Amino acid sequence: MRDAAPQTIFLKDYTPFGYIVQDVHLTFKLAPRATRVISRIRFAPNPGADNKTFFLHGEQLDLKWAKINGAQIKPAITPEGLSTDVPEGAFTFECEVEISPETNTALEGLYMSGGMYCTQCEAEGFRKITYYPDRPDVMSTFTVRVEGPHPVLLSNGNPATSGEHFAEWHDPWPKPAYLFALVAGDLIAHPDRFTTMSGKDVELNIYVRKGDEDKCAFGMEALKKSMVWDEKVYGREYDLDIFNIVAVDDFNMGAMENKGLNVFNSSCVLASPETSTDANFERIEAIIAHEYFHNWTGNRITCRDWFQLCLKEGLTVYRDSQFTSDMRSASVKRISDVIDLRGRQFAEDGGPLAHPVRPDRFVEINNFYTATVYEKGAEVIGMLKTLVGDDAYAKALDLYFERHDGDAATIEDWLQVFEDVTGRNLKRFKRWYTSAGTPQLSVKESFKNGRYKLTFRQETPPTPGQPQKKPRVIPIAVGLLDESGAEVLPTQILEMTKRQQSFKWEGLASKPVPSILRGFSAPVILKRYTDDDERAFLLAHDTDPFNRWEAGRELAKSTLLNMIEDGASPDTRYLDGMLAVLRDDALDPATRALMLGLPSQSELAQTLADKGVVPDPQAIYEAVQTLNLAMAQHMQDTLPRIYAQCQVEGPYSPDAEPAGKRELAIATLGLGSRLDGGKAAKDQFASADNMTLQISALAILLRQKVGDTELDQFYAQWKHDRLVMDKWFGLQVGAAVPEDAAYIAEKLTQHPDFDHKNPNRFRATLGALAAHHAGFHHISGRGYTLLADWLITLDPINPQTTARMCAAFQTWKRYDPKRQEMILAEVDRILAQPNLSRDTAEMLSRIRAA
Ligand code: 0A1
Ligand code: ZN
C-alpha cells in the first residue's frame, strides 16, 4: 500500500489560476533517453483570480535551469511541481528540462512507440513534458520547434518554417496543455484535401508506419464525411490549414483529439477488408468522427476543470452517434448503443464505482473516463433534445458556440443556453448530471370506461456517497396499439417530473397495449410486470423498431430466467417469435441479426441479482447454450435458406447494407453449426476473402471445438499483422468453455507474441478473460488469480491500463460467498503491493468499499 493517503480533489474547491498565459514557445531536442525541452512562457496576473501563488505542475522532470525575465532562479521543486516567487505584473518564465521518452512505459507525456515519438497529454500528461500550469482553464497559443533526424516532425496548428532536421509549428487557437501533441518518426502520409463550406482549402494526412499505407483510405473517407456532416448539421467549419492523424501501436485509449494533430490507437484508424471486420470499419468511422467533432466540442470550447469532462465527452459521443445514425441505420445504431449502455454503464451505475455524470470528487482523473461520463453523458443530451425539441436544440447549440467559443466552460454554462433559448427551468433536469445511479421506473396500468391510465413510479437505489435520491425529469416516449397491432396513439413524450405520476387517455374503444420508453427515451430500468404473451405481441407488432427489439429481448430474458431458476424448457413463444423474425423479409438483415442475439450472461447475472437471486455463472452459461441449441433446432429448415440469401456478391464493401447481410448470415451460421458440427463454418473459413467472414467462421469452429487446424492456419497467415494477432489472442479466450478460459489465457500470456506492455495485446488477452463471464467467474477462482497476477505485473509499467481493467472486479457483490471471498482476496493482494499506483489504488479501494 502507498505510504501517504492520496489526495481527493473536490469540485467545490475550484479556484482560477492566478496568472494567464499569454503565449508559449517550446523547443524539443529529441533523443530517446535524453530529450531536452526548452520552454519560454509569458505570464500576466489574472485579474479574475485572488490567489497569486505561482505553482507549475511538473513530474519526473530533470530541471537543468530556470529563469524569470532572463535571470536565473532557484525554484522549490517537489515531486508534483515547481514554485517560486515572481515579480508583480507580467513576466517571462523560461526553463530547460530533460526527459526520457524511451523508458516511458506509462504512455503518458512524451513516449516512444515502435521507434516513433508521440505524446498523450490528456488529462494530466503535459506535466511530464515540462513545467506548466497543467489545467484545462489555462489556455494559450503555442509555437513549437521540433529538432530531430526524423523525416516527419509534427505538432499542433499550422506548419511554419522547416528545414533539415527541424520543423516549426504555430497554433493560433488558444488551447489548454492537454491538447498539445508532438509526433516524430519515419512515417508515410496518406494525403488528401478538403474544401470547407466557406471555400478554405485544408490539407489532410493520415500518417502511418511503413507497411500500413494500404490501410488508410477508409479512415480518410470517414474524415471527409465527418467534416461535411459537421458543416451541414451543426454549421461547424474546420479552422486550420492542415489536419493530421497519426496511427500509433501503443496507446492507452482509442484516440485523442489534439488540436490539428489527432493521435489514434492504430486499431482505431487502420482498416482493410482482409484484416478488419465490419464492426472494426464501423467503429473506426465513429471514432474518426468523434475526434474530429471534438474540434468544436472540446477544443474551441473546452472544460473549465476535469469535473466538467462530460461537457466535451457526452456531447461529442452524442454527436458521433447522430453521425453514425445518419450514415447507417438509425434504429440499428440505437439498439447497439443501448446494448452497450446496459452492458457497461448500468453495471457501473449499479456497483461500487457509480458516480454522477459530472463527478464532484476524484483522486485520479484518469479513472473517470468512464461509460457514465461518456455514454450516459450522451444519453442526458439525447433526453434534453427530446424535451426541448429539435428546433430549440439547434438554437441552443448555435448559442452555445457563439457564447462560449474560446472558453473553458461548465455544465452550468451548457444548461444556461438551453434555459435562455427555451425559457425552461432546468434545475431539476440538472440532477441527471449531479446524481449517480440508474432510476428504476415501474408502471401500473388501468382501463375503465374508455379511459386508459398509466401510473409511473421512479426510484433510484442509493449509490456511494449519495444515500438519498431526488426524482429526475424523465422523458417517456409512449405509443398505444390496439389488439390488431394498429397504432391508436402515435409516439408521444410524457414528461415525468415527480416521484409518482399518472397520465390518462380518454375515449378508447378497448384496452390498448402500451409501447413504453420507445427508442429508449431515457437511461432507466423499466420494470413492467407484464406477461410473455404481451411481449410476443409487441415483438410481432410494435411499430417502434427499438421496442420491437426490446420485446424480443425481454422475452429472451424471461425464457432464460425460467430455465435458470426453475429448470424450465425453452419457451415456444420465444422460439416461434424468433423464427418469425428470421423469416421476416420486411425487416432489414442487421435488425434481424440483432434480434436473434441473446442478452449477455453478465446482464442475466445482474437481472438475477436485482431480483435477490444469487447468480450461478455456470448455470447461466448452460442455459444460454441450451437455448441456442433449441433455437437452431426450431429454425433448422430456415437457417440454410437465410444463410444463402445473405451471401454478398462482388467486391467487399463495409457499408451498412452488405455488413448487415453478413451479420445475419453469420448469426444463422452460428446457430446452424450447433447441428452440423461446424461443416458450413469450415466451408466459410476456407472460402472467406474478408476478415469478417474468416474470423466469424473461426470463432464458431473454436466454440464447437473443431477449429484447431484453422486456428493454426490463421496464425500462419497473419502472424506478421499485429492488429489481426490481437484478434487471434482474444478469440481463443472468448470461444473457450468456462473451465478452460483461464488456462487458455494463461497459456497465451506465455506465447512469444504476447507483450504485456502493449495495451492492445494485454486487453485482447486479459480483457477477453474478464469479458468471459462464466470463464472469469469459474468456481476454481483461476480467472481471478490470473488477472490479479497480471495487474500486479502491469501496474508499475502502465497504471492507467491496469486501473481500467480493475473494473472486472466491480460486480463482486452479485456473487455467492465463496466467489466474493476469492475476489476480495485478490483485490487485497493487489492493494498490498508496495508502491501501487494512485490509479489502481483508487479503483480497488472504491471497489473494496462497496
Ligand atoms: N479525449 C479522448 C479520450 C482519451 C482520454 C484520455 C486519454 O489518456 C488518458 C487518451 C484519450 C476521446 O474522448 O477520444
Ligand atoms: Zn472524446
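Counting starts at 1 for both ligands and their atoms, following the listed order. Everything quoted here is computed from the prediction, not taken from an experiment.
- In this structure, atom 6 (C) of ligand 1 lies nearest to the protein heavy atom Met253 CE, 3.7 Å.
- A tilted orientation is assigned to the rings of His404 and Tyr400, their planes being inclined by 30° to 60°.
- Interface of Met256 with ligand 1, defined as ligand atoms under 4.0 Å from a residue heavy atom, comprises 1 (N), 2 (C), 11 (C).
- Around atom CZ of Arg722, more than 12 heavy atoms belonging to other residues, nucleotides or ligands sit under 6.0 Å away.
- At a 4.0 Å cut-off, at least one heavy atom of His294 sits close enough to ligand 1 to count as contact.
- A donor atom on one side chain and an acceptor atom on the other are not found under 3.5 Å apart for Glu231 and Tyr238.
- In this structure, Asn252 does not count as a contact residue of ligand 1, since none of its heavy atoms falls inside 4.0 Å of the ligand.
- Atom OE1 is the N/O/S atom of Glu313 found closest to the Zn ion (ligand 2).
- For Gly254, the closest heavy-atom approach to ligand 1 does not fall below 4.0 Å.
- Ligand 1 has no N or O atom lying under 3.5 Å from any N or O atom of Ala123, backbone or side chain.
- With atom 14 (O) of ligand 1 as the reference point, the heavy atom nearest to it among Lys312, Glu313, Gln800, Glu291 is part of Glu291.
- Note on ring orientation: taking the six-membered ring where Trp is involved, the planes of Phe520 and Phe346 are tilted (angle from 30° to 60°).
- Listed by number with element, the atoms of ligand 1 under 4.0 Å from a non-hydrogen atom of Gln120 are 7 (C), 8 (O), 10 (C).
- Near Tyr374, the atoms of ligand 1 lying under 4.0 angstrom from a non-hydrogen atom of the residue are 1 (N), 2 (C), 3 (C), 12 (C), 13 (O).
- Those atoms of ligand 1 that come under 4.0 Å of a heavy atom in Tyr369, given as number and element, are 5 (C), 6 (C).
- For atom 11 (C) of ligand 1, the closest non-hydrogen atom of the protein is Ala255 O, 3.3 Å.
- Applying the ring pair (Phe, Tyr, Trp, His ring centres under 6.0 Å) rule to Trp306 yields the partners Tyr178; only residues at least two apart in sequence or on another chain are considered.
- Phe55 and His57 have perpendicular rings, their planes meeting at more than 60° on a 0 to 90° scale where under 30° would count as parallel.
- The distance from ligand 1 to the heavy atoms of Asn366 drops below 4.0 Å at these ligand atoms: 9 (C).
- Contact annotation for Glu122 and ligand 1: heavy atoms of both the backbone and the side chain come within less than 4.0 Å of the ligand.
- Taking the Zn ion (ligand 2) as reference, the nearest N/O/S atom within His294 carries the name NE2.
- Taking the six-membered ring where the residue is Trp, Trp790 and Phe762 present perpendicular rings, their angle passing 60° and hence far from 30°.
- Between the side chains of Glu842 and Asn367, at least one donor N or O sits under 3.5 Å from an acceptor N or O.
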Test side chain to side chain contact (heavy atoms under 4.5 Å, CB included) on Thr801 and Arg763; report intermediate values, then the result. CA-CA 9 Å; Thr801 292; Arg763 280 188 287 256; 4.1 Å; yes
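- Residue Thr316 does not touch ligand 1, judged by heavy-atom distances below 4.0 Å.
- If you check the side chains of Thr410 and Gln308, you find no donor sitting under 3.5 Å from an acceptor.
- Close approach of ligand 1 to Glu257 (heavy-atom distance below 4.0 Å) involves ligand atoms 1 (N), 2 (C), 12 (C), 14 (O).
- The closest side-chain donor-acceptor pair between Thr316 and His290, if any, does not fall under 3.5 angstrom.
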